[in-house]
Structures are given as C-alpha cells and as structure tokens.
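Each residue takes its place number in the sequence, starting with 1. No experiment lies behind these values; they were computed from the predicted model shown.
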Amino acid sequence: MSNHDTLRVELGARSYDILVGSNLLADTAKYIAPFVRKAGVVVISDAVVADKHLPTVLASLDGASIAHREVVVPSGEKSKSFATFADVVEQILAMGIERSTVIIALGGGVVGDLAGYVAASLLRGLDFVQIPTTLLSQVDSSVGGKTGINSKSGKNLVGAFHQPRLVLADTAVLDTLSPREMRAGYAEVAKYGLIDDPDFFAWLEENGQAVIDTDGPERRQAVIKSCAAKARIVSEDEREGGKRALLNLGHTFGHAFEAETGYGQKLLHGEAVAMGMVIAHDVCGAMGMAPAGEKDRIVAHLKSVGLPVCASEVSGMHWDIDKVISHMSRDKKVRDGEITFVMTRGIGKAFTSKAMDVDKMRAAITRSCRG
C-alpha cells in the first residue's frame, strides 16, 4: 500500500502530481528521479528549514547519486525581495548550471514563491519541484504555479506563472512547526470550505483542532481536500481570469493589514486572511447578501482554533483606516481602476464582484480595527 495519496493538476502538457503523505522527505530522490538529469538539482531553502529538513533531503539525493548544490536564504518574508532574488540568481549562475538543472524549493510559502520565480527566470525557465514544509504552503502556495517577490509598493507584485513538475507534501514535517504557524496555515484550509464546500467547513468545525494538533488522519484528509480543491480550480483557470480569483477570499483585506504591519511577525499571512474572511462576510451580511448569522459561525470556528478574527487583536497596532483602504487600491486584483472583491452569499457561496458598497466596507474594516 502506498504511503501517499496522489492528486493531479490537469494542465495539458504541464500537468503534474501532488503527493500527500507522511515521511515522504526521506524518499525525495525516488519521487523526483523521473525528471532529474545529469546536471542535478539546486535546493533552495531558508535557514530554519535547512537546519531541520535539508539533511534528510540531501541524504536521499546522495543515496541515489543525484548531484546537488544548495542555497540557503534568511528565513522570513523579507527574503521575498529583489535583493535576495538577485543574490540567489547570481549564486546559482556561478555554479555553472544547465537548462536541465532542476530547482527544488524546500520551505514554506516564502521559499516556494522565491525559488519558483528564480526557476522561472534562470535561463528563461528551469524545471522545479515544490517541497512545502508549512501547512499554509502545502494547501495553498505550493500548488498552482504562482511565483514571485514583494516590492515597496506591495506584496507579490513581481513574479510569473511557472508550474512545478511535482509537489511533495509531507504532513509529518508539520509537527516541527509552532502552534501559531499551524493555526495561520489552517486559515487557508478553512478558506476552501468557505469558498464552495459547506460540507468541508462543517467537517472542519468537528475536526479542525485535530488537523492542527498532530500528524493523523484528520490532517492528511484536510491537506488532501484542500489540494484537490486548489488543483480543480487551477485546472479550470490557470492565470486567474475567472474562478481562480475565488482563492483570494479575505486576501484583499488581509494583504492590506499585512502591508500596514510591515509583513513581519506581528501579523502572519494566515492570521491576516482569517481577519479578512470575517470582514468579507461582515460586509456581505450588511449588504443583505449573506445570512447575518453565518459570520458569527465563522468567527466562532476561527476563534475555537486560536485564530484572530479582528484587526484589533493585533497587539501594538493603532490602525489608520484610510491607510488600510489605500493599500487595497494597490492590490493585484485591481482592473480598470476597480478592485474585484471576493464576496459571499454565505458559507460555501463565494463569488467575485466589483459591486462593493464602499461605505459598508469601510464600516466593516472599522469594526475589525476597533474591536
């Protein structure tokens, strides 16, 4: 019996598998062997992940006689920068790589986004493999080919669509994360239920804490269900022309809060998304689109697993509502000067629209910031 489940992202010639299971890292070489050539691989990781997991991956590569080199970047969002991108690119070029060299992204969303963009750019495109080591990256950022870095103007504004050859999601490595990191990743799991799967959200209400706590059947089921949802949406809309935008539920608000806090440890991405999803349901409830009680149900569940539900919960922040709203105008989802919002008619009924009631939106953001 296989120790993993296999999901397929269907994109024609660029289709690839997502493998989900426990203790897959030790067999990395076996899984990547079909598309590794003599030129070998370059593993990009960050300092924290390299310390915990790089030896396991390298031992597997050595056991299969796969040539490898490593680049380690500082951990944290600040590595998604022009400076780090340039440094990594120059390091890898100095190694004398070839077009058949494979880039391996070993880490969370920051490493995956950075390494993917490096792979998209070097020699006009190298194959790469995602080995996500956080819950957030396993269920979201490692799947779908969005790669990139941040600029002074905002998050993820520089990048490329570049699909991986394989995603290797080892749920056992999540046991090395802090409870806060697990909770932050869980926000993206809950998102899939809120978009279009009310039964999944109801399942999470019963099993969410188990998903966070330990590498058991509940966690594996949550990762598989989330990856399957993402794979389905990406297969239908690779470049976010329509349905893929639903994956941004809560993100327009969340990114604005992240920008105000400087993308640091004060507010993690998943925490910002949790706050943003509550605001989205608050606004849509106030606009008469969503049943008012459903926001309370979402708040109750997110609170039950320890996620923040209001911006007022971020310690030491005195929010400037005008500045928060101004960050939203620089979002990638702006088209023809208008923001496309992910709105909702209730749990599992998300849709996109530009018809946002600005006054009610401002009131909802204010409620979140003032508590």
Self-check item: ring pair (Phe, Tyr, Trp, His ring centres under 6.0 Å) partners of residues 350-371, not counting sequence neighbours, each pair once
Solution: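 For residues 350-371, and leaving out neighbouring residues, there are no ring pair (Phe, Tyr, Trp, His ring centres under 6.0 Å) pairs at all.
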
Practice problem: Would you mind listing every ring pair (Phe, Tyr, Trp, His ring centres under 6.0 Å) that reaches into residues 267-308, with sequence neighbours excluded? | Solution: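 Residue pairs with at least one partner in residues 267-308: Y186-H301, F201-H301, H251-H269, H255-H269.
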
Less than 4.5 Å apart, side chain to side chain, heavy atoms only: is that true for [X] and [Y]?
X	Y	result
R180	E271	yes
E240	N248	yes
W319	E260	yes
D113	I149	no
C369	S312	no
D215	L174	no
K230	V139	no
V129	P164	no

Self-check item: Residue pairs, two or more places apart or on separate chains, that pass side-chain hydrogen bond (donor to acceptor under 3.5 Å, both in side chains) and touch residues 35-56
Solution: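 Only H53-T176 qualify under side-chain hydrogen bond (donor to acceptor under 3.5 Å, both in side chains).
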
Could you tell me the separation between the [atom1] atom of [X] and the [atom2] atom of [Y], rounded to the nearest 0.5 Å?
X	Y	atom1	atom2	answer
L25	L54	CG	CG	9.5 Å
D199	L204	CG	CG	11.0 Å
L136	M182	CG	CE	10.5 Å
M343	M289	CE	CE	3.5 Å
N156	T147	CG	OG1	9.5 Å
L247	K191	CG	NZ	5.0 Å

Check whether more than 12 heavy atoms from other residues, nucleotides or ligands sit under 6.0 Å from atom [atom1] of [X], and answer yes or no.
X	atom1	result
R8	CZ	yes
K303	NZ	no
K243	NZ	yes

Exercise. Would you please test V36 and D127 for side chain to side chain contact (heavy atoms under 4.5 Å, CB included) and show each step?
Key: CA-CA 9 Å; V36 172; D127 284 346; over 6 Å; no

Practice problem: Have a look at F253 and tell me which of M361, M275, H327, E258 forms a side chain to side chain contact (heavy atoms under 4.5 Å, CB included) with it. | Solution: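 Running side chain to side chain contact (heavy atoms under 4.5 Å, CB included) over M361, M275, H327, E258 with F253 returns exactly one hit, M361.
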
Should [X] and [Y] be counted in the same cluster of Ile, Leu, Val, Met, Phe, Trp and Tyr side chains packed under 4.5 Å apart?
X	Y	answer
V49	L58	yes
L126	L11	no
I92	V43	no
L249	V143	yes

Quiz item: Is D357 salt-bridged to K360, going by a charged N under 4.0 Å from an acidic O?
Solution: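 Yes, charged N to carboxylate O under 4.0 Å.
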
Quiz item: Side chains of D62 and H68: donor-acceptor distance under 3.5 Å anywhere?
Solution: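 The answer is yes; a qualifying pair exists.
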
Quiz item: Among all residues two or more places apart in sequence or in another chain, which pass the ring-ring contact (aromatic ring centres under 6.0 Å, His included) test with H162?
Solution: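 Checked H162 against ring-ring contact (aromatic ring centres under 6.0 Å, His included); matches are F128.
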
Exercise. With sequence neighbours left out, write down each residue that passes ring-ring contact (aromatic ring centres under 6.0 Å, His included) with Y117, or none if nothing qualifies.
Key: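 Result, ring-ring contact (aromatic ring centres under 6.0 Å, His included) vs Y117: F85.
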
Quiz item: Under 3.5 Å, side chain of S79 to main-chain N/O of S75, donor-acceptor pair present?
Solution: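 No; judged by distance alone, with no hydrogens or angles, the pair does not exist.
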
Self-check item: T84 (side chain) donor-acceptor with S81 (main chain) under 3.5 angstrom
Solution: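 Side chain of T84 to backbone of S81: no pair is present.
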
Quiz item: When Q163 is tested against each of E238, K146, R14 for side chain to side chain donor-acceptor pair (under 3.5 Å), which residue passes?
Solution: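 Running side chain to side chain donor-acceptor pair (under 3.5 Å) over E238, K146, R14 with Q163 returns exactly one hit, E238.
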
Under 3.5 Å, side-chain donor or acceptor atoms of residues 94-107 against the rest of the protein: list the pairs with distances, not counting sequence neighbours.
from: R99; atom 1: NE; to: L123; atom 2: O; distance (Å): 3.1
from: R99; atom 1: NH2; to: L123; atom 2: O; distance (Å): 3.4
from: T101; atom 1: OG1; to: E98; atom 2: N; distance (Å): 3.0
from: T101; atom 1: OG1; to: E98; atom 2: O; distance (Å): 3.1

